[in-house]
Amino acid sequence: MKLDLIGDWFRTHYSVDVTPSMDGEEVTLFGWVREIRDLGGIRFLILQDREGTIQVTILRKEVGSEVSSKSDILQKRYSIGVKGTVKKTEMTPRGVEVVPKEIKVLATATPQLPIDIAGKTPAKLDVRLDARALDLSQEKNIAIFKIQHTALNAIRVFLFEKGFIEVHTPRIIASATEGGAALFSFDYFKRKAFLAQSPQLYKEQLVMSLEKVFEVGPFFRAEESHTRIHSSEFVSIDIEQAFADAEEVMKLLEWLTQYVCETVVGRCQKELSTLKHKIKVPEVPFRRLTYDEVLHNLKRENIEVPWGEDIPTTALRTLGKIHPYFFFITDWPTHCKAFYIKPRDDNPTICEGFDLMWSWIELVSGGTRIATKELLIKRLGEKGLNPESFRHHLQAFDYGMPPHAGWAIGLGRLTMMLTGKRNIREVTLYPRDKFRLTP
RNA sequence: GCCCUGGUAGUAUAGUCCGGUCUAGUAUUAGCGGCUGUCGCCCGCUGGACCCGGGUUCAAAUCCCGGCCAGGGCGCCA
């Protein structure tokens with residue numbers, strides 16, 4: 001089939017910008033055919049674009065034969081341009097329709113689509129992910145990523161306002177940054193290199209110069225973890241701040257969390273209602289539970305966690321029922337946390353690391369960092385890591401490393417919270433996990 | 001990596017426990033035809049499936065074994 005050329009057409013409006021008050025105006029719209037309802041002498045096209053949908057009404061007798069025959073060949077997901085007249089009407093939910101004067105077919109689509117884009121027969125997530133490019137065109141998915149976009153924008157606005165500088169640290173690294181998590185390795189000009197699991201060491205070094213930095217970017221973990229809150233590739237929002245401690249960055253974090261919720265509630269009403277999700281704007285300060293208090297809480301629920309152990313998921317789920325929204329867990333045993341988290345001066349068995357929980361899910365983790373070389377080397381040793389492989393990082397501590405603190409938010413988990421989705425794959429454009437490498 | 005549950009047309013499901021009635025049902029999608037106000041349009045017709053391999057049996061979608069894949073959970077992991 002011969003396609004039309006876009007020629008000198010340009011879009012005058014998105015679908016949702018066409019309103020009843022524009023009655024009689026000529027508009028040019030681009031988008032995709034979402035539905036066709038053909039009643040014989042009259043045919044309704046639902047044109048979808050990024051912002052929504054609008055009905056294009058084709059009365060056979062009244063449109064020219066060219067429009068009429070062009071509309072005969074249309075099928076779902078054909079990409080089209082429509083030039084036509086806005087008509088105010090009582091007969092559509094939006095109060096408007098467009099009567100076409102000219103239709104251009106810009107792309108065709110296969111007749112039997114792999115998923116039902118109108119959503120009558122919803123496909124399972126795995127099937128949707130296999131046809132992700134098409135799946136993402138569904139209104140619900142567009143809503144998810146608009147909310148994510150709005151949240152991310154709010155985060156940037158907030159952090160810029162607070163004087164943070166956006167940075168980009170390497171994804172390609174020479175050795176493990178944190179120990180613990182497994183890294184992906186690959187060939188780098190005949191040397192072995194790794195994909196970064198975190199910007200941790202770099203962002204710490206940057207507080208020596210830029211003082212307050214943040215980074216938004218993907219990181220990689222070769223974990224066996226196959227759960228609905230883990231991905232092999234995930235986007236992290238990291239901050240690091242000089243001359244600050246955990247308490248200060250926790251305050252920043254709770255204000256930021258509140259601001260993000262407010263902003264999304266304020267700007268994404270349409271998307272939230274598409275997703276049938278409500279966001280409660282949290283009050284600050286968030287509840288702060290110490291690790292010991294968490295253990296007591298759990299004991300009352302007949303869950304015994306020995307002091308010093310990490311809290312297992314099952315226990316976190318119980319805790320999440322007691323505290324269903326945001327709360328901090330502070331005063332962790334030092335050895336539960338990464339080597340760079342600062343032990344408390346008055347009691348080195350516990351540390352200044354914290355987690356921000358959203359119910360049972362860890363949304364953010366952070367803390368005061370160790371700022372002296374000797375202590376850092378000691379902690380590396382205790383974690384079974386070889387200080388020699390951190391040589392370049394440790395050297396930074398010879399040049400005036402100030403006290404500093406920071407945290408990292410998992411963007412996927414944040415988006416789950418904001419959209420009500422229960423699987424991180426749903427809020428990831430092209431998720432990567434142990435079993436999925438495509439599309 | 002472990003545990004549980006599952007895998008039936010393009011999609012979503014019924015049937016599986018207790019083998020035969022399954023020539024595999026339904027909805028939707030797709031193809032064709034009809035219809036001038038639909039908005040999950042409607043009506044008629046036509047297509048289209050038992051994850052792969054092996055076994056038991058007169059007979060397997062159904063039972064058994066192995067594999068692959070998926071969902072949930074755990075462990076690992078921020």
Side-chain angles (χ1 to χ4, degrees), chain A residues 34-47 53-63 75-77 87 89-95 97 99 109-131 134-135 177-183 197-200 219-232 234-238 310-317 329 332 336-338 340-341 353-358 360-367 406-414 422-426 433-436:
Chain A
R34 193 171 90 155
E35 290 169 59
I36 302 168
R37 286 190 282 273
D38 187 347
L39 276 64
I42 191 167
R43 176 180 285 159
F44 304 102
L45 299 181
I46 307 301
L47 176 74
T53 57
I54 188 161
Q55 176 169 295
V56 177
T57 303
I58 299 150
L59 247 173
R60 276 197 176 286
K61 278 184 181 164
E62 292 179 16
V63 299
Q75 293 182 6
K76 279 181 194 167
R77 285 302 298 175
K87 190 177 157 198
T89 170
E90 300 293 309
M91 288 179 286
T92 68
R94 291 253 319 276
E97 62 189 2
V99 179
T110 179
Q112 182 110 61
L113 299 169
I115 57 171
D116 171 16
I117 52 166
K120 284 183 216 166
T121 313
K124 291 185 233 174
L125 183 57
D126 192 49
V127 173
R128 287 170 40 203
L129 291 176
D130 281 338
L134 176 64
D135 179 50
T177 44
E178 298 186 32
L183 302 184
Q197 64 175 203
S198 140
Q200 186 61 34
F219 291 97
F220 309 89
R221 292 189 186 163
E223 293 303 332
E224 295 292 344
S225 301
H226 192 69
T227 78
R228 59 196 171 89
I229 57 170
H230 288 89
S231 296
S232 305
F234 64 98
V235 173
S236 176
I237 303 155
D238 274 82
D310 220 331
I311 301 165
T313 317
T314 336
L316 286 178
R317 283 174 193 273
I329 303 177
W332 286 84
C336 287
K337 290 290 171 186
Y340 48 80
I341 296 289
F354 64 84
D355 286 348
L356 174 61
M357 306 298 295
W358 159 52
W360 62 277
I361 295 173
E362 180 195 317
L363 197 62
V364 183
S365 72
W407 42 249
I409 307 177
L411 178 64
R413 292 178 185 184
L414 179 70
R422 297 170 58 84
N423 190 320
I424 203 160
R425 290 162 186 77
E426 292 225 37
D433 61 44
K434 193 180 173 188
F435 301 102
R436 182 174 285 280

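The chains referred to below are lettered A, B, ... by the order of the sequence lines, with proteins before strands, and numbering in each begins at 1. Here the structure is a predicted model, which means the values were calculated and not measured.
For B:U11, the base has no donor-acceptor partner in the side chain of A:Q112 [N/O atoms by modelled type, under 3.5 angstrom]. On a pure distance criterion of 3.5 Å, a polar donor-acceptor pair joins the side chain of A:S365 and the base of B:A78. For B:A12, the base has no donor-acceptor partner in the side chain of A:D116 [N/O atoms by modelled type, under 3.5 angstrom].
Each of B:G71, B:C41, B:A78 was ranked by its minimum atom distance to the side chain of A:K337; first place goes to B:A78. With B:A27, B:G37, B:C77 as the candidates, the nucleotide lying closest to the side chain of A:R221 is B:C77. Considering only side-chain atoms of A:R37, the nucleotide from B:G37, B:U38, B:C74 that sits closest is B:U38. Minimum atom distance to the side chain of A:F234 is reached by B:A78, of the listed B:U11, B:G75, B:A78. Closest approach to the A:H230 side chain among B:C76, B:U38, B:A78 is made by B:C76 (side chain taken as heavy atoms from C-beta onward). Comparing atom distances between the A:N423 side chain and each of B:G72, B:C76, B:U28 picks out B:G72 as nearest. Of the listed nucleotides (B:A12, B:A70, B:G73), B:A70 has the atom at the smallest distance from the side chain of A:F435.
Spacing between B:U26 and B:G48 at atom C1', rounded to whole Å, works out to 14 Å. A distance of about 14 Å separates the C1' atoms of B:C64 and B:U16, rounded to the whole Å. B:A24 and B:U46 have their P atoms separated by 15 Å, given to the nearest Å. Nucleotides B:G15 and B:G71, compared at atom P, are 23 Å apart to the nearest Å. Distance noted for atom P between B:C50 and B:A61: 10 Å (whole Å). Straight-line distance between the C1' atoms of B:C22 and B:C76: roughly 46 Å, to the nearest whole Å. For the P atoms, the distance linking B:G33 with B:U23 amounts to 34 Å, nearest Å. Taking the C1' atoms as reference points, B:A9 lies 14 Å from B:C51, given to the whole Å.
Put simply, NZ on A:K434 is 15 Å from P on B:C76, counting in whole angstrom units. A:K61 has its NZ atom 15 Å from the C1' atom of B:G37, to the nearest Å. B:U29 atom P lies 13 Å from atom CZ of A:R34, rounded to whole Å. Taking atom CD1 of A:I42 as the reference point, atom P of B:U38 lies 9 Å away to the nearest angstrom. As rounded to whole Å, 13 Å separates atom C1' of B:G10 from atom CG of A:D130. In this structure, A:R77 atom CZ and B:G10 atom C1' are separated by 16 Å, rounded to whole Å. Put simply, NE2 on A:H226 is 16 Å from P on B:C3, counting in whole angstrom units. For A:I54 and B:U38, the CD1 to P distance is 18 Å, given to the nearest whole Å.
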Exercise for the section: Dump the intermediate steps for side-chain contact (heavy atoms from CB on, under 4.5 Å) on A:E62 and A:I42, then the final yes or no. Expected result: CA-CA 10 Å; A:E62 292 179 16; A:I42 191 167; over 6 Å; no

For this session: Give the intermediate values and the outcome of side-chain contact (heavy atoms from CB on, under 4.5 Å) for residues A:L356 and A:W358.
Result: CA-CA 7 Å; A:L356 174 61; A:W358 159 52; over 6 Å; no

(Q) Is there a side-chain contact (heavy atoms from CB on, under 4.5 Å) between A:K87 and A:T57? Walk through the geometry before answering. (A) CA-CA 10 Å; A:K87 190 177 157 198; A:T57 303; over 6 Å; no

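A:V127 comes within contact range of the sugar-phosphate backbone alone, with a heavy-atom separation under 4.0 Å but no base atom that close. Nucleic acid contact for A:P93: base, since at least one base atom lies under 4.0 Å from a heavy atom of the residue. Contacts of A:A408 with the nucleic acid, taken as non-hydrogen atoms under 4.0 Å apart, are absent. Contacts of A:K76 with the nucleic acid, taken as non-hydrogen atoms under 4.0 Å apart, involve only primed sugar atoms and P, OP1 or OP2. Counting any heavy atom pair closer than 4.0 Å across all strands shown, A:T92 reaches a base atom. If you check every strand for non-hydrogen atoms under 4.0 Å, A:L113 touches sugar and phosphate atoms only. Residue A:T313 is classed as a sugar-phosphate contact, given heavy-atom separations below 4.0 Å to backbone atoms only. At the heavy-atom level, A:E97 lies under 4.0 Å from base atoms of the strands shown. Backbone-only contact: A:R228 has heavy atoms under 4.0 Å from sugar-phosphate atoms and none from a base. A:E35 comes within 4.0 angstrom of the backbone, heavy atoms only, and of no base. As judged by a 4.0 angstrom heavy-atom cut-off over every strand, A:T227 is placed among the base-contacting residues. Within 4.0 Å of A:R436, counting heavy atoms only, lies no atom of the nucleic acid at all. Among the protein residues, A:D355 comes within range of the nucleic acid bases, having at least one heavy atom under 4.0 Å from a base atom.
Considering only residues two or more places apart in sequence or on other chains, A:D38 meets the side chain to side chain donor-acceptor pair (under 3.5 Å) condition with A:R43. Take A:T121 and apply the side chain to side chain donor-acceptor pair (under 3.5 Å) test, not counting sequence neighbours, and it matches no residue.
The nearest heavy atom of RNA chain B to A:A123 and to A:Q55 marks one nucleotide each, and the one closer to the 5' end goes with A:A123. Along RNA chain B, the nucleotide nearest to A:L125 and the one nearest to A:P114 differ in position, and the one closer to the 5' end is contacted by A:P114.
Using N1 to N3 plus N6-O4 or O6-N4 for Watson-Crick, or N1-O2 and O6-N3 for G-U wobble, each under 3.5 Å, B:C74 pairs with B:G1. Figure legend. B:U13 is base-paired to B:G25; pairs are counted as Watson-Crick or G-U wobble with both atom distances under 3.5 Å. Across all strands shown, B:G53 forms a Watson-Crick or G-U wobble pair, both distances under 3.5 Å, with B:C65. In this structure B:G20 sits in a base pair with B:C58, meeting the Watson-Crick or G-U test at under 3.5 Å. Under the Watson-Crick or G-U wobble criterion, with both distances below 3.5 Å, B:G44 is paired with B:C32.
Here A:K124 does not pair with A:D130 in a salt bridge; the nearest charged N to carboxylate O distance is not below 4.0 Å. Comment: A:D355 engages A:K337 in a salt bridge, judged by a side-chain N to carboxylate O separation of less than 4.0 angstrom.
Phosphate proximity of B:A12 to A:K120: absent, as no side-chain N or O sits under 4.0 Å from OP1 or OP2. For the pair A:Q197 and B:C77, the criterion of a side-chain N or O lying under 4.0 Å from OP1 or OP2 is not met. Note on A:K124: every side-chain N or O is 4.0 Å or more away from OP1 and OP2 of B:G7. A sub-4.0 Å separation between OP1 or OP2 of B:G73 and a side-chain N or O of A:R317 is present.
The aromatic rings of A:F234 and A:F219 sit tilted relative to each other, their planes meeting at an angle between 30° and 60°.
Checking A:Q55 against A:T92 by side-chain atom types alone, no donor-acceptor pair falls below 3.5 Å.
When each of A:V364, A:L316, A:I311, A:L363 is paired with A:M357, the side-chain contact (heavy atoms from CB on, under 4.5 Å) condition holds for A:L316 and for no other.
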